[in-house]
Protein chains: 4
Amino acid sequence: MSSIWGDRLKISVFGESHSEGIGVVIDGFPAGVEINFKEVERFMARRAPAGQAYSTKRKEPDVPQVVSGILNGVTCGTPICCVIQNTDTRSKDYENIALKPRPGHADYTGFVRYHGYNDPRGGGHFSGRLTAPLVFAGALCKQYLAGKGITVGAHIYELGGVADTPFDDTAISSKLLRALWKKPLPVNDDAKGEQMLAVIEQKRMEGDSVGGVVECAAIGLPAGLGSPIFGSVEGELSSLLFGIPAAKGVEFGAGFAAARMTGSEHNDSFIIKDGAVKTKTNRHGGILGGITSGMPLVFRAAFKPTPSISQEQQTVDLAEMKPAAIVINGRHDPCVVPRAVPCVEAAAAVALTNLYLQK
Amino acid sequence: MSSIWGDRLKISVFGESHSEGIGVVIDGFPAGVEINFKEVERFMARRAPAGQAYSTKRKEPDVPQVVSGILNGVTCGTPICCVIQNTDTRSKDYENIALKPRPGHADYTGFVRYHGYNDPRGGGHFSGRLTAPLVFAGALCKQYLAGKGITVGAHIYELGGVADTPFDDTAISSKLLRALWKKPLPVNDDAKGEQMLAVIEQKRMEGDSVGGVVECAAIGLPAGLGSPIFGSVEGELSSLLFGIPAAKGVEFGAGFAAARMTGSEHNDSFIIKDGAVKTKTNRHGGILGGITSGMPLVFRAAFKPTPSISQEQQTVDLAEMKPAAIVINGRHDPCVVPRAVPCVEAAAAVALTNLYLQK
Amino acid sequence: MSSIWGDRLKISVFGESHSEGIGVVIDGFPAGVEINFKEVERFMARRAPAGQAYSTKRKEPDVPQVVSGILNGVTCGTPICCVIQNTDTRSKDYENIALKPRPGHADYTGFVRYHGYNDPRGGGHFSGRLTAPLVFAGALCKQYLAGKGITVGAHIYELGGVADTPFDDTAISSKLLRALWKKPLPVNDDAKGEQMLAVIEQKRMEGDSVGGVVECAAIGLPAGLGSPIFGSVEGELSSLLFGIPAAKGVEFGAGFAAARMTGSEHNDSFIIKDGAVKTKTNRHGGILGGITSGMPLVFRAAFKPTPSISQEQQTVDLAEMKPAAIVINGRHDPCVVPRAVPCVEAAAAVALTNLYLQK
Amino acid sequence: MSSIWGDRLKISVFGESHSEGIGVVIDGFPAGVEINFKEVERFMARRAPAGQAYSTKRKEPDVPQVVSGILNGVTCGTPICCVIQNTDTRSKDYENIALKPRPGHADYTGFVRYHGYNDPRGGGHFSGRLTAPLVFAGALCKQYLAGKGITVGAHIYELGGVADTPFDDTAISSKLLRALWKKPLPVNDDAKGEQMLAVIEQKRMEGDSVGGVVECAAIGLPAGLGSPIFGSVEGELSSLLFGIPAAKGVEFGAGFAAARMTGSEHNDSFIIKDGAVKTKTNRHGGILGGITSGMPLVFRAAFKPTPSISQEQQTVDLAEMKPAAIVINGRHDPCVVPRAVPCVEAAAAVALTNLYLQK
């Protein structure tokens, strides 16, 4: 019902695209974790618009300002508040959207939900910019998980119809995931990455946009995290993932493809490997009965194409209740998927930290 | 972290497959709703194993016993507790699974999660049987929503590779959804239903199983339900849907297909229809920015094939930490999808009631 | 907002005084705890009406029926559901209260809150009988805490103006607390107990009732449980204690008396004792900054006199909106305080288990 | 378990006494409420140290900086974040307290709770300064409630043994409560206020401190707010009130005094007044069965004397585990009670707004 998530670790996200700032309160983060802020900034930079062809022209340094909860670089155990100032806001770009809702955006539903009082500028609280606080929280959680031997990483599984090589779900290494962190376009097959960039550039020229799928993995997870029924790893993760604007689908392990398999194809045999219980294959994506099995956690999230396109679109004038045309002039990504990668990683890191703390 | 879900409406599910009973406490259900128990039983019968070729041979009347919260057929506003006795339990069928976990089941992860103390009989708290209380809660919620002009219904979208005609997402009627409630196999195209049954029967003969996809719709929803970020309709729904065992993926509107569309293809133009704001198409599945748009809500959930198959499978002996073979003797469905349909409807009804009460 | 409490340990209480049954779902109780049911019954018997002069004449065995979550006497880690049947219900005693609310009862506020749909019989969900499920949950928690070296006990601090010897807050032993568990009237000074019984008997003869105060202690608590601000031990405990009908005040350590002390009188000096940090005195009642200090936790809860008295009282007829007189014929305690003692212990045990599991 | 409170309205408090700032995220506050910031500042000024004899010499303007959720002075419905900079921090005053915990403070319990990583400066997250964000949230809630015809106000009931005239609990007017808002020392009897100031001054001269009791009332509440069992008005209010440092007891209506009354004395007869159901007396303090009755809500909270006194005190050196003496040099109130008055009002306003939104 709110912009607060979690039980052991709680995150409370606030801000609008053009308000004074945006940010997050992270409540329940363990005490005594030394934070590498260089690493935090590197992770946040992956989400920030940075002048790439595929990203919005809005340039914001997105410097996270720690207001509380961290003393001399070490977490205190008390709530961590981070505020990111909104500095480069060109509010007049959005003057016409309040009463002429943009197709594919939350302008209309936000108007109804808040009886017209929500901040419409730049999408307000619905803006993709609100993923910056999530990524900050994820950056801290990634460092916490690293201390437990857990690594989270992701790649673009598919973009504009171009498919990357998927993860080999039984043989994902920390090295592989960390290498993806550093790639400008995180893909397993760089040639496919080039094709993706070409598709994005083409759509940008056409004033259009494309969607895609992000595949994320977490390795080093102990067996036994999560709970049956409503406390499942899938439930926890998906409730956070759908907090990323533009996410329209989530699947775990074989996912929707499992629906076309037989039981004998889908079931993963248990084996003993290095003295531990593992499975031979990993169609289950590291989760059985809502609980981690100790195999790599693998899931995918689908993102719709950016709704902001420069082509003229049909909408309605809410004031006069008549049809209207709209052309969106703002600065927008022709594809959010590259920037969604760290958001998905962040959501995974936050959810897994919460699950880890439930132990 | 638990078997409790919700904020305005809370449901607390309890029970193991072979414990004395299973059930649910429904907290926050509005006072003054007259419950049609015939309708509740009909809905629950759709989930209950009933001797169909595709369902387990375990026959349980699944009579919901109302312990509290309903007086003379009308809800009191106080917590409603319903207990369903477990009567036909053949515990010895499961004697060997405690230490030889069944592939695809939660036996191993449950063992680790609960340090060996969980009830392994019939899958314990992880059993698909635990969807019966969810369906009871959903039955009440469906009646509550009906009083608000909202109808929830679902069909088998795909089973064992056979695809049904999908919903026409701009023209779903209450009549259509209610007709699906009454079909023994809820499909839009009965010929496809016959093919699905043939696939199930074939897999049963082969000692194997199949998965599938359920498509669910809700119509009559007002615009403005749900919230941005973590209170999204998608987040609420998915956190419940992944509480149904065997669910491996969830998608809204165009879902994963949206990832292959361009913005100009995916965006739904706003129009005025009958004096109200609607969209011309419904790729957004009735949700924009996490909030209902007033268009039909449409989503799909993928279910893996039943993990219980009669073929011999490879596992490990946890006591001796060595490889072992297992043959599962119990009574099982070769396909859970037909019985998953009311579970998905129930999850939707519970989530939507919670969202409605948040208004 | 509901009859569900807690975060790590959650309890969901259901039932009305005259519904088919009452009970509780305990979610998050640790796996592997062996339950001594004899002990559970003994504890519940302390709350149950048992024919004493001071208790209602309603006799119910209050046998807790475990529906789920405990296998062969050991907790499974999954939700524990317990149902207590309502067997000895004389509903006609309450026929006239629905529209002529009893002074001091929740008849009127329940009627307004639930728009007239709540179950008025015996007070419905507001009945003191609803403490039986809390006491069941507390019985399990007491056993869990005992395994951690923590003992919870309570005595009647004051009843009808008769004061018992208070706890010596720096020297409470497990032996002392356990001895109180076994006393028919739990007081430190049995002579005072005799006087209390005399007051109760006198009030019973007069058709009147009396209130009192329960003092509760928990020893063996490690330092460091609880959290600052809204997660304080005081906040957690009081939110449960006010769930006991008739509770009107809660105080910790010196409590209201602290308001009349100076800082130099109230501050407890830190000392080292047996190699550990302790305080010389214990005006703080074992809590500083919302967190346990390792000193005995000491608090008191005030209970109002039973509102059911046999004297004629003035009320209103809600149907005709005119003044009315009422005489309450049912069976009632002239004093709830003796039976409130195990309720307070139970609330403390539940809250402390939740706090312990937060570590 | 955390610094987050609430269900419909959630507040998430963050900050340490000497961190960059302190603040609050208010999630779920209704859209469209016009905020009078002059009024907010006036309310916050009542809590802020202001050079009075009884307050700390630390002077901070405590300007609340609204980061999000309010546009052109009107609430958006999305989370409101407010940050208050910490400007006048003299951290070296607290250098010695990290390992020599101050009696009566949370230094020791905070150290244990957070394994030595908490920020000890000025009490860190435990500081009374953390009530400023609560008061900001309360200021907004008071304005929301005013729009519903509800007024909250409080006075010093007792301070250092000097008792003010208590509220006449059946005849509290909005005018009376609003007059108290404006008094430098909010008391009903100004002569008693003079005596209180004299006591404070005397204690200040002695290097000592005093405690007291705040009595708070809310009028204009509709009957029917709150819920039975764990959702009671008492439970909601007390869980917030114990979030105010130094609160040691809470009582509703007759409170602890009820424990010495008989039922015939304590029960409040129902009457009809101006066409509505009221009670003749108000021993129940406006709450029956956890639910508002429509009578004035009246409760009291007891505050211990300020633990910071200038006299030498005995403590332990945690590093060397040996006895130590401590003299506290910082700037401190000899009595927190006057500044606790707006905190209690704020807690009441937040709790009542949450309860109101549950309707």
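The structure presented is a predicted model; accordingly, all values stated were derived computationally and were not measured. Just so we're on the same page: letters track the sequence lines, and every chain starts at 1.
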Query - chain D contacts, top residue of C:Pro305, C:Gly224, C:Gly289, C:Gly211 (heavy-atom pairs, under 4.5 Å) - result: C:Pro305

Query - Side chain, backbone, both or neither of D:Ser264 within contact of chain C (heavy atoms, under 4.5 Å) - result: both

Query raised in the report: Measuring heavy-atom distances to chain C, does D:Phe299 have an atom under 4.5 Å in its side chain, in its backbone, in both, or in neither?
Result: neither

Query raised in the report: What do the steps show when you test C:Glu236 against D:Phe242 for side chain to side chain contact (heavy atoms under 4.5 Å, CB included), and what is the final call?
Result: CA-CA 9 Å; C:Glu236 296 271 307; D:Phe242 283 119; over 6 Å; no

**Report entry** Residue part contacting chain D, namely of C:Ser293, when any heavy atom lies under 4.5 Å
**Finding:** both

Report task. Would you check if the side chain of D:Lys304 reaches a backbone N or O of D:Gly104 as a donor-acceptor pair within less than 3.5 Å? Result -> yes

Query raised in the report: Is it the side chain or the backbone of C:Ala276 that comes within 4.5 Å of chain D heavy atoms, both, or neither?
Result: backbone

Query raised in the report: Which answer fits C:Asp268, side chain, backbone, both or neither, if we ask what part of it has an atom under 4.5 Å from a heavy atom of chain D?
Result: backbone

Report task. Grab the two heavy atoms, one from C:Asp317 and one from C:Ala324, that are nearest each other, plus how far apart they are. Result -> N-CB, 3.9 Å

Requested in this report: Look at C:Asp208, C:Thr306, C:Thr131 and state which one has the largest set of heavy-atom pairs under 4.5 Å with chain D.
Outcome: C:Asp208

Query - Which atoms of C:Pro245 approach chain D - backbone, side chain, both or neither, heavy atom under 4.5 Å - result: neither

Query raised in the report: For the candidates C:Gly253, C:Ala254, C:Gly226, which exhibits the highest count of non-hydrogen atom pairs separated by less than 4.5 Å from chain D?
Result: C:Gly226

Report summary line: Closest non-hydrogen contact found for C:Leu159 with C:Cys335 is CD1-SG, 3.7 Å

Requested in this report: Select one option (side chain, backbone, both, neither) describing which atoms of C:Phe303 are under 4.5 Å from chain D's heavy atoms.
Outcome: backbone

Query - Taking every non-hydrogen atom, the tightest pair across D:Met196 and D:Ala163 - result: CE-C, 4.4 Å

Query raised in the report: Taking all atoms of both residues into account, what is the closest heavy-atom pair of C:Pro228 and D:His125, and its distance?
Result: CG-CD2, 3.5 Å

**Report entry** Toward chain C, the part of D:Leu318 with a non-hydrogen atom under 4.5 Å
**Finding:** side chain

Report task. Counting only heavy atoms closer than 4.5 Å, note whether C:His105 contacts chain D via side chain, backbone, both or neither. Result -> backbone

Query raised in the report: Is a donor on one side and an acceptor on the other found under 3.5 Å between the side chain of D:Asn118 and the backbone of D:Pro120?
Result: no

Report task. Kindly indicate, with the supporting measurements, whether the criterion side-chain hydrogen bond (donor to acceptor under 3.5 Å, both in side chains) is fulfilled by C:Ser238 and D:Ser238. Result -> CA-CA 6 Å; C:Ser238 62; D:Ser238 62; 3.1 Å; yes

**Report entry** Ion pair check, C:Asp107 and C:Arg102, cut-off under 4.0 Å
**Finding:** yes

Report summary line: If one checks every heavy atom of C:Thr292 against chain D at 4.5 Å, the contacting part turns out to be backbone

Requested in this report: With a 4.5 angstrom heavy-atom cut-off, could you sort out which part of C:Ile309 is near chain D: side chain, backbone, both or neither?
Outcome: side chain

Query raised in the report: At a heavy-atom separation under 4.5 Å, does C:Tyr114 approach chain D through its side chain, its backbone, both, or neither?
Result: side chain

Query raised in the report: If you count heavy-atom pairs under 4.5 Å with chain C, which of D:Arg283, D:Met261, D:Glu206 comes out on top?
Result: D:Met261

**Report entry** Top contributor to chain C contacts, counting heavy-atom pairs under 4.5 Å, from D:Pro307, D:Gly275, D:Gly160
**Finding:** D:Pro307

**Report entry** Close side-chain approach of D:Val233 to D:Leu297, heavy-atom, < 4.5 Å
**Finding:** yes

Report summary line: From the list D:Val112, D:Ile272, D:Ile287, the residue making the most non-hydrogen contacts under 4.5 Å with chain C is D:Ile272

Query raised in the report: Do C:Thr262 side-chain atoms and C:Glu265 backbone N/O form a donor-acceptor pair below 3.5 Å?
Result: yes

Query raised in the report: Charged N to carboxylate O below 4.0 Å: is that the case for C:Arg260 and D:Glu158?
Result: yes

Query raised in the report: For chain C, which of D:Phe126, D:Phe252, D:Phe270 has the most heavy-atom pairs under 4.5 Å?
Result: D:Phe270

Query raised in the report: Measuring heavy-atom distances to chain D, does C:Lys203 have an atom under 4.5 Å in its side chain, in its backbone, in both, or in neither?
Result: side chain

